[in-house]
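Residue numbering restarts at 1 for every chain, and letters A, B, ... go by the order of the sequence lines.
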Number of protein chains: 2
Amino acid sequence: MTVVENDNSDLYSYKYPHPAVTVDCVVFGLDDGALKVLLIKRLDPPFEDSWALPGGFIKMDEDLQDAAFRELREETGVAQLYLEQFHTYGRPGRDPRERVITIAYFAIVNLFEHKLSASTDAKDVAWFPVDGLPALAFDHGEILRDGLAALQYKVRRVPLVFEFLPQKFTLPQLQQLYETILREALDKRNFRKKLAATGVVDALEEHQTGVSHRAARYHVFHRELWEKKAEEGEEFKI
Amino acid sequence: MTVVENDNSDLYSYKYPHPAVTVDCVVFGLDDGALKVLLIKRLDPPFEDSWALPGGFIKMDEDLQDAAFRELREETGVAQLYLEQFHTYGRPGRDPRERVITIAYFAIVNLFEHKLSASTDAKDVAWFPVDGLPALAFDHGEILRDGLAALQYKVRRVPLVFEFLPQKFTLPQLQQLYETILREALDKRNFRKKLAATGVVDALEEHQTGVSHRAARYHVFHRELWEKKAEEGEEFKI
DNA sequence: CCAAAAGTGTTAGAGATACACCCATGG
DNA sequence: CCATGGGTGTATCTCTAACACTTTTGG
């Protein structure tokens, strides 16, 4: 028998088991042209000195997604990001200390518009390329793989990629991002045709500067238009 | 402060909140040609006499999916079914008693091969057509809608429909089931063409009997072949 | 003027859709 | 022989995939 902080006490608290519940986040960012994942080095046992997904225990009066936002803000200084729940993991024994159930989210951080703040400069937070990951604590390796699969799946159907990019981006930049996430080469002309068909990317007059070749045109994502189309049931397919 | 049953006691049990955790199941079955959902009438407050999704508290040493199986067996007598996790709900206040986080599964019961046993004959368990649902307890209405969407989504990509049907079924029966789930009419010839293209449904020589019109041929789902194809990354599309 | 990457259309093939008549069975 | 639903093929269209050259810029 264990004493826990639980203010909503009533009969049920006596009758039923109360496991610990955490949220863990697979945070993706585009760093130096590569798809990277944010990991945190654990300072305490278990898995001391191992890398792990950012996350932590939910508070009693906090929604699940709010908990994910809070943990990311606390641990990484990231404030604005895209968040989506993808799976819940609860195998007994996945945490050697006690029963812990974790609700996993994947997140996208825009590293162009939100440089990581103070807390991320600490030596225990780092971005790892998805094809060069260290061994992870707990079952975080499995969670990370599932999160990557969820990102790859979703990115084909919903215009998520713009969460990675600056407001103004070039089409080659966008295509490279898709190729990075999906791990496959795309045909330039067909890619642009499909993109044009979605109708949610507008060309600006402005061009790239400072490149030693033809300058690419900047484009912007027309978010409001997409949201209107999404409401009408329109799909986004790349 | 509350005392709970928790044998894995250690330092973390003191420091972090421990909410109650349940699994809830949206159980679908094909009953009398209609898509129905299994609901349970609550006998105790809160929401006394309201209908609710079957489900219940997880045990401390039990995997999430095992908990879902156990609850369904206990509450409905259903032993063999398809189960898939689709979302986790944890809004504070969703249960008026205390903080309860619920991991939601959708399930498919084969009512041809597994008639519901004793416990389901009790007056407090019933099948409701998905377009004639009563008001549900807690946020179960929302969970049910999401579960139905998950079923509709999944059924187009994975051969789940066979979970609803007897081992031998006719093609009109199969098509009607798709139409029921997807709520749209399908072209008979095109439907059969697509189905043939998947290659996982075999025709038998045997025909339907006792109908006052041309008898339909029985077919079977070739599950092993599908599993082999699925491993090779093949998709199922209807 | 050279190197490097941006930009741009057409054609062929595959897959999806629309569509109408004959067949078998029981009453 | 009638009513009911089972069973079958083709033509069109749309979407996808393959593919090569010209343009712009900086050095």
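- When heavy atoms are screened at a 4.0 angstrom cut-off, K194(B) is found touching the sugar-phosphate backbone but no base atom.
- Looking at which nucleotide of DNA chain C each of T209(B) and D187(B) is closest to, the 5′-most match is held by D187(B).
- Of the side-chain N and O atoms in R192(B), one or more sit less than 4.0 angstrom from OP1 or OP2 of dG7(D).
- Y82(B) and E84(B) share a side-chain donor-acceptor pair at under 3.5 Å.
- Counting to the nearest Å, the C1' atom of dT4(D) and the NE2 atom of H213(B) are 6 Å from each other.
- K193(B) contributes a side-chain N or O that forms a donor-acceptor pair with the base of dT17(C) under 3.5 Å.
- Taking atom CD1 of residue I238(A) and atom C1' of nucleotide dC15(D), one finds them 14 Å apart after rounding to whole Å.
- Counting to the nearest Å, the C1' atom of dA18(C) and the CG atom of L186(B) are 14 Å from each other.
- Ring centroid separation for the pair F138(B) and Y89(B) does not come in under the 6.0 Å cut-off.
- A donor-acceptor pair shorter than 3.5 Å cannot be found between the side chains of D146(B) and H87(B).
- Between the NZ atom of K237(A) and the C1' atom of dT14(D) there is a distance of 14 Å, rounded to whole Å.
- Residues F86(A) and Y105(A) keep their aromatic ring centres 6.0 Å or farther apart.
- Closest to the side chain of R214(B), out of dG9(C), dT17(C), dC23(C), is dC23(C).
- Note: CZ (F191(B)) to P (dA18(C)) measures 16 Å, nearest angstrom.
- dG5(D) atom C1' lies 14 Å from atom CD of E179(B), rounded to whole Å.
- If you check dG9(C), dT25(D), dG9(D) against the side chain of R189(B), the one that comes closest is dG9(D).
- Two residues are said to be in side-chain contact when any heavy atoms from C-beta on lie closer than 4.5 Å; V27(A) and V37(A) fail this criterion.
- Rounded to an integer number of Å, the gap from NZ of K188(A) to C1' of dT16(D) is 19 Å.
- Rounding to whole angstrom units, OH of residue Y218(B) and C1' of dG7(D) are separated by 17 Å.
- Residue P172(B) has its side chain nearest to dG6(D) when only dG6(D), dG26(C), dG9(D) are considered.
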